[in-house]
There are 2 protein chains.
Amino acid sequence: MTVTIKDVAKAAGVAVGTVSRVLAKNKTVSEEIRIRVEEVIRELGYTPNSLGRNLRLNKTDLIGLVIPDITNPFFAELAKHVEMLASAEGYSVLLANSHDDPAAEQQQVQTLLGRLPSGLILVPVSESRIGDLVSGRNTVTVDRPLKGQTLVGVDNRRGGYLAADYLLSLGHRRLGYMGGPQMLDVARERYEGFLSRIQAFQQRHPGQSLAVQTVDGNFDYKAGEELGNRLLRQEHPPTAIATASDQQAIGLMRAAADVGLSIPDDLSIVGFDDIPLASLVLPRLTTIRQPLAEIARIALDAILNRPSATTECKLEPVLVERSSTRAWSAR
Amino acid sequence: MTVTIKDVAKAAGVAVGTVSRVLAKNKTVSEEIRIRVEEVIRELGYTPNSLGRNLRLNKTDLIGLVIPDITNPFFAELAKHVEMLASAEGYSVLLANSHDDPAAEQQQVQTLLGRLPSGLILVPVSESRIGDLVSGRNTVTVDRPLKGQTLVGVDNRRGGYLAADYLLSLGHRRLGYMGGPQMLDVARERYEGFLSRIQAFQQRHPGQSLAVQTVDGNFDYKAGEELGNRLLRQEHPPTAIATASDQQAIGLMRAAADVGLSIPDDLSIVGFDDIPLASLVLPRLTTIRQPLAEIARIALDAILNRPSATTECKLEPVLVERSSTRAWSAR
DNA sequence: CTGTTAGCGCGTTCAT
DNA sequence: ATGAACGCGCTAACAG
């Protein structure tokens with residue numbers, strides 16, 4: 001039998017209201033009684049039943065988190081930060097994977113909303129049709145936008161721009177770009193940012209030769225390897241490649257090794273995200289860092305403080321220089 | 001204002017009990033009334049409040065999942081499988097990280113239990129003091145044991161044994177073992193299994209020289225790198241190393257590269273777990289595979305079908321041969 | 001400062 | 001077959 005607030009009250013010789021006040025850290029409780037109640041609570045191993053509390057208050061301390069795939073290190077990192085911050089505030093997180101499938105996403109969101117969470121943190125899939133479902137439901141989207149919802153993420157155009165800028169400054173003139181799924185805004189924005197820097201260069205240096213090849217596909221390791229092979233197995237492969245994710249970059253490293261290219265001597269690589277693994281691969285990966293801890297903090301803040309306005313928060317990405325990139329001089 | 005079962009009852013001119021029966025698809029409701037009630041429900045856009053229901057039934061459709069760290073690819077994979085299976089059965093999963101900290105774990109478990117989940121899937125930390133908390137609470141532990149609780153995991157001794165057996169068969173005679181935190185049963189068992197094979201070899205071949213060096217630390221990438229440096233930066237480093245996790249193995253690869261050792265020519269490595277990344281690193285990692293999908297399935301099954309017995313389910317690990325290992329002949 | 005009590009929304013038992 | 005009433009565990013309002 002589980003122990004309820006009533007049992008505590010009886011054991012401590014007080015009324016349930018008093019116990020409730022102790023739990024709520026209400027100051028209008030005498031020191032003496034507070035101590036006694038707290039002692040009894042510990043003795044009986046009492047845990048407040050959140051169902052009762054939630055029903056009474058008509059709200060839960062649950063945060064829904066819907067992401068494409070928890071095994072993606074980027075989302076795992078996001079989930080970790082969200083969970084840490086949430087539990088520090090007394091909230092628990094309901095995790096659901098959408099597997100980048102609109103139908104699955106709709107199902108997951110619907111189920112989670114039925115559990116009356118205080119808020120929903122969402123990384124929407126493309127072609128998401130959940131706009132109606134979440135409208136007016138205290139939702140924040142992260143990483144990817146959803147019409148009418150607050151978005152917290154990084155300035156992806158700026159990130160793509162930084163990658164191109166860096167590779168150009170290193171002297172590379174045969175560039176490759178490995179994009180994410182072009183149906184995703186994030187993927188397109190990163191690519192556009194990359195291109196915009198390229199075009200600016202071409203306008204300033206009309207004479208110089210500058211070649212850019214582009215491929216795109218999923219964000220994961222496997223896509224990185226496959227797309228890498230497409231990019232590298234040709235007559236004049238790029239001397240530097242920027243990718244739309246670190247996972248792609250790591251897959252690309254694999255492909256480069258299979259082709260016999262050494263990094264960074266024959267090929268420079270710039271990733272995107274700065275997942276934990278980026279600083280451990282061989283060689284350590286230069287990448288565009290997303291301030292994920294801050295993204296999580298802002299997202300949760302928006303959820304818990306319920307800011308009425310639908311805003312858009314674009315954080316600044318940062319280039320992290322490591323060992324997968326190197327200056328290039330014409331050979 | 002949200003519409004409750006009472007509103008529906010009033011609008012339909014019936015009692016709340018009747019509406020409840022319609023919702024429960026109870027057959028003891030006349031066709032006529034059922035139709036009318038269902039119509040009113042649609043008109044008012046009524047959705048049952050799960051809080052009230054849960055409080056009344058004293059149970060939820062929630063599964064608690066407490067793991068050390070979701071950014072560990074092994075646990076991320078576990079979480080993914082658990083979530084997929086759970087949502088297919090209409091359950092949602094509450095995720096909590098313990099950060100391998102007994103106090104945090106206790107806090108998390110307590111919070112989750114307060115939400116009255118249908119069951120709890122737990123990867124306990126060492127020195128866990130939550131035995132009392134979860135006793136009689138429909139709990140299953142995964143990967144690591146907790147006294148008095150059903151355990152689903154792999155036969156770790158067998159896994160360690162397989163690694164040693166494989167390296168010996170390859171001709172290696174200077175071996176290294178990189179263990180996990182020795183306070184963890186899993187870590188000790190893998191090591192013991194490794195040693196048991198070594199000792200068997202020594203007994204059968206008393207004349208042959210055979211050296212084993214051991215280090216241990218955390219399961220993560222960083223520990224792998226640090227411990228790797230300890231193992232490799234000495235006069236006669238091992239020619240083959242078995243690790244207690246793939247993350248360690250990948251960190252070890254880093255260390256080997258820094259020392260100037262090439263894999264598998266100068267050093268063979270066998271990992272443990274077979275995380276997705278294992279087949280993508282350079283070179284692809286030979287490892288002891290844990291059948292994680294099956295582990296998740298069995299664990300969830302145990303939770304949902306509430307088998308009374310406290311059992312122990314040890315699955316068979318499998319050696320996956322890839323490119324990080326190679327035969328060794330005395331030089 | 002503390003005890004008492006009325007619901008929060010729902011499922012179920014007991015009448016009818 | 002249906003209605004009425006109770007109580008799940010809790011908080012807040014009110015009374016003392």
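All values below come from the heavy atoms of this structure, side chains included, with hydrogens, waters and symmetry mates left out. So that the names make sense, note that chain A is the first sequence line, chain B the second, and so on, each numbered from 1. If you're wondering where the values come from, they're calculated on a predicted model, not measured in any experiment.
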Could you go through nucleotides 14-16 of chain C and list every protein N or O atom that sits under 3.5 Å from one of its N or O atoms, giving the distance for each pair?
none

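Put simply, the side chain of A:N54 gets close to the backbone of A:K59: a donor and an acceptor are under 3.5 Å apart. Of the possible polar contacts, one joining the B:N49 side chain to the B:L51 backbone as a donor-acceptor pair under 3.5 Å is found. Remark: the backbone N or O of B:V123 is not paired with any side-chain donor or acceptor of B:T141 at under 3.5 angstrom.
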For residues 75-88 of chain A, please give each side-chain donor-acceptor pair under 3.5 Å, one per line with the distance, not counting sequence neighbours.
| from | atom 1 | to | atom 2 | distance (Å) |
| --- | --- | --- | --- | --- |
| A:H81 | ND1 | A:E77 | O | 3.1 |
| A:E83 | OE1 | B:N97 | N | 3.4 |
| A:E83 | OE2 | B:Q108 | NE2 | 2.9 |
| A:S87 | OG | A:E83 | O | 3.2 |
| A:S87 | OG | A:M84 | O | 3.3 |

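Residues of residues 25-35 of chain B that place a heavy atom closer than 4.0 Å to DNA chain D, in numerical order, are B:T28, B:V29, B:S30, B:I33. Non-hydrogen atoms lying under 4.0 Å from DNA chain C are contributed by A:G13, A:V14, all within residues 5-14 of chain A. Of the residues in residues 41-50 of chain B, those placing a heavy atom less than 4.0 Å from an atom of DNA chain C are B:Y46, B:P48, B:N49, in numerical order.
Note on B:R34 versus B:E31: salt bridge recorded, some NZ/NE/NH1/NH2 to OD/OE distance being below 4.0 Å.
Residue-level contact check: B:L57 touches the backbone only, with heavy atoms under 4.0 Å from sugar-phosphate atoms and none from bases.
In this view, A:R115 satisfies the salt bridge (Lys or Arg N to Asp or Glu O under 4.0 Å) rule with no residue, not counting sequence neighbours.
In this model, a donor atom of one side chain and an acceptor atom of the other lie less than 3.5 Å apart for A:S128 and A:E105. Using a 3.5 Å distance cut-off with no hydrogens or angles, the side chains of B:D220 and B:Q247 do not pair a donor with an acceptor.
Heavy-atom distances to DNA chain D give each of B:A15 and B:R56 a nearest nucleotide, and the one nearer the 5′ end belongs to B:A15.
Residue B:T18 has a polar side-chain atom (N or O) positioned under 4.0 Å from OP1 or OP2 of D:dG3. Between B:S20 and C:dG11 there is a side-chain N or O to OP1 or OP2 distance below 4.0 Å. Not one side-chain nitrogen or oxygen of B:R53 sits closer than 4.0 Å to the OP1 or OP2 atom of C:dG9.
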